[in-house]
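Everything on this sheet refers to the single structure shown next.
Atom set for the values below is all heavy atoms of this structure, side chains included, hydrogens, waters and symmetry mates excluded. Order of listing sets the numbers, starting from 1, for every ligand and every atom in it.
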Amino acid sequence: MSTTTLENLAGDLASGTVRLVDLTHTLDPDFPVIILPPEFGQCARFRMEEVSAYDHRGPAWKWHNLTLNEHTGTHFDAPAHWVSGRDLPNNTVDEIPAEVFIGPVVVIDCSAGAAADDDFELTPAVIAAHEAKHGEIPPDAWVLMRTDWSTRRGAAYLNMQEDGPHSPGPTPEAIRFLIDQRNIRGFGTETVGTDAGQGAHYTPPYPAHFYLHGAGKYGLQCLCNLDQLPPTGAILIAPPLKIRNGTGSPLRVMALVP
Ligand code: MN
């Protein structure tokens with residue numbers, strides 16, 4: 001009897017030949033959310049309200065009501081999140097084809113650059129150096145920018161200065177290259193957004209959001225444990241909640257690693 005791929009996978013997971021890596025931060029009220037200039041609407045933090053805890057409100061059960069923004073904690077960005085993707089078909093989390101939520105992932109290691117420079121930029125040259133070492137990014141892959149930013153805690157995570165937040169991210173040229181030349185599926189970061197902290201100063205402003213979502217691509221933010229992924233060869237699992245007309249959602253992101 002021949003062994004199927006899925007039987008092999010089940011065996012490899014049981015034996016540890018294939019490892020599951022959790023790329024998700026714990027969602028709690030202290031997890032930082034993006035802060036926009038004061039003239040704009042603001043992202044709500046995660047909030048949890050106890051409904052009952054084995055008491056007179058519910059003697060045999062415990063549960064909570066949750067309040068949160070779609071873009072809180074480790075989360076997924078749908079094309080409808082940005083004005084450039086507002087008229088695309090299937091642009092909300094409930095309409096995106098489910099096949100998108102599992103697939104190959106490439107990790108570009110920018111950790112040394114980000115350690116030396118809070119405003120480190122992922123440029124076409126950085127991508128070229130990655131590809132020279134690890135091979136060309138295949139079409140329809142998730143691409144993650146590893147910066148080790150996820151190890152920061154508290155105020156150091158947003159890294160707010162007098163002129164706004166400072167954190168690493170991609171240049172407009174890098175994002176255009178990933179879309180036009182590599183036709184990626186989506187782009188993910190360890191920071192609070194797919195764009196750099198100073199991303200408002202590029203042309204266009206917030207180029208990752210603008211170009212990715214305008215091209216029907218997806219975003220992942222506030223990822224962690226990217227240092228545990230290989231440059232290529234892992235499989236990403238990232239299904240957002242199925243919220244009608246949702247522009248994104250918190251989610252559990254995992255990777256299958258050989
Ligand atoms: Mn978002």
Side-chain angles (χ1 to χ4, degrees), residues 23-37 40-47 66-86 88 90-96 100-101 105 122 142-147 149-150 152 157-160 164-170 172 174-175 178-179 184-200 202 204-224 226 236-254:
L23 307 181
T24 320
H25 280 290
T26 300
L27 198 49
D28 71 28
D30 295 327
F31 195 84
V33 296
I34 198 163
I35 298 169
L36 298 181
F40 298 124
Q42 299 295 330
C43 179
R45 281 175 180 247
F46 177 78
R47 206 163 59 81
L66 304 182
T67 310
L68 73 177
N69 186 284
E70 294 165 326
H71 300 258
T72 305
T74 301
H75 71 275
F76 185 103
D77 279 7
H81 180 41
W82 218 253
V83 64
S84 52
R86 66 187 287 176
L88 292 180
N90 306 319
N91 62 354
T92 51
V93 283
D94 56 319
E95 298 285 354
I96 296 169
V100 163
F101 304 141
V105 59
L122 173 66
W142 284 97
V143 172
L144 307 183
M145 178 180 176
R146 176 188 160 194
T147 54
W149 203 261
S150 56
R152 291 183 171 227
Y157 188 71
L158 293 182
N159 196 25
M160 195 64 79
H166 287 262
S167 54
I175 287 294
L178 291 172
I179 296 169
I184 63 167
R185 180 180 301 186
F187 178 75
T189 63
E190 295 181 49
T191 52
V192 78
T194 48
D195 274 295
Q198 291 289 293
Y202 289 119
Y206 307 108
H209 284 86
F210 186 84
Y211 287 135
L212 287 168
H213 302 321
K217 312 296 188 187
Y218 312 101
L220 289 169
Q221 290 116 117
C222 309
L223 298 168
C224 62
L226 298 192
L236 191 78
I237 305 170
L241 297 178
K242 200 168 183 176
I243 301 167
R244 190 173 306 286
N245 298 324
T247 72
S249 103
L251 76 173
R252 193 78 178 243
V253 183
M254 296 179 291

Is His75 close enough to the Mn ion (ligand 1) that one of its N, O or S atoms comes in under 2.8 Å?
yes
Of all the atoms in His81, is at least one N, O or S atom closer to the Mn ion (ligand 1) than 2.8 Å?
no
What do you get for the angle at the Mn ion (ligand 1) between OD1 on Asp77 and ND1 on His71, to the nearest 10 degrees?
80°
Pair Phe76 and Phe101, ring centroids less than 6.0 Å apart:
yes
If only side-chain N and O atoms count, and only distance matters, is there a donor-acceptor pair under 3.5 Å linking Thr26 with Asp28?
no
Looking only at non-hydrogen atoms, find the nearest pair between Thr247 and His71 and report the distance.
OG1-NE2, 2.8 Å
Check the orientation of His213 and His81. Use parallel for under 30°, tilted for 30 to 60°, and perpendicular for over 60°.
perpendicular
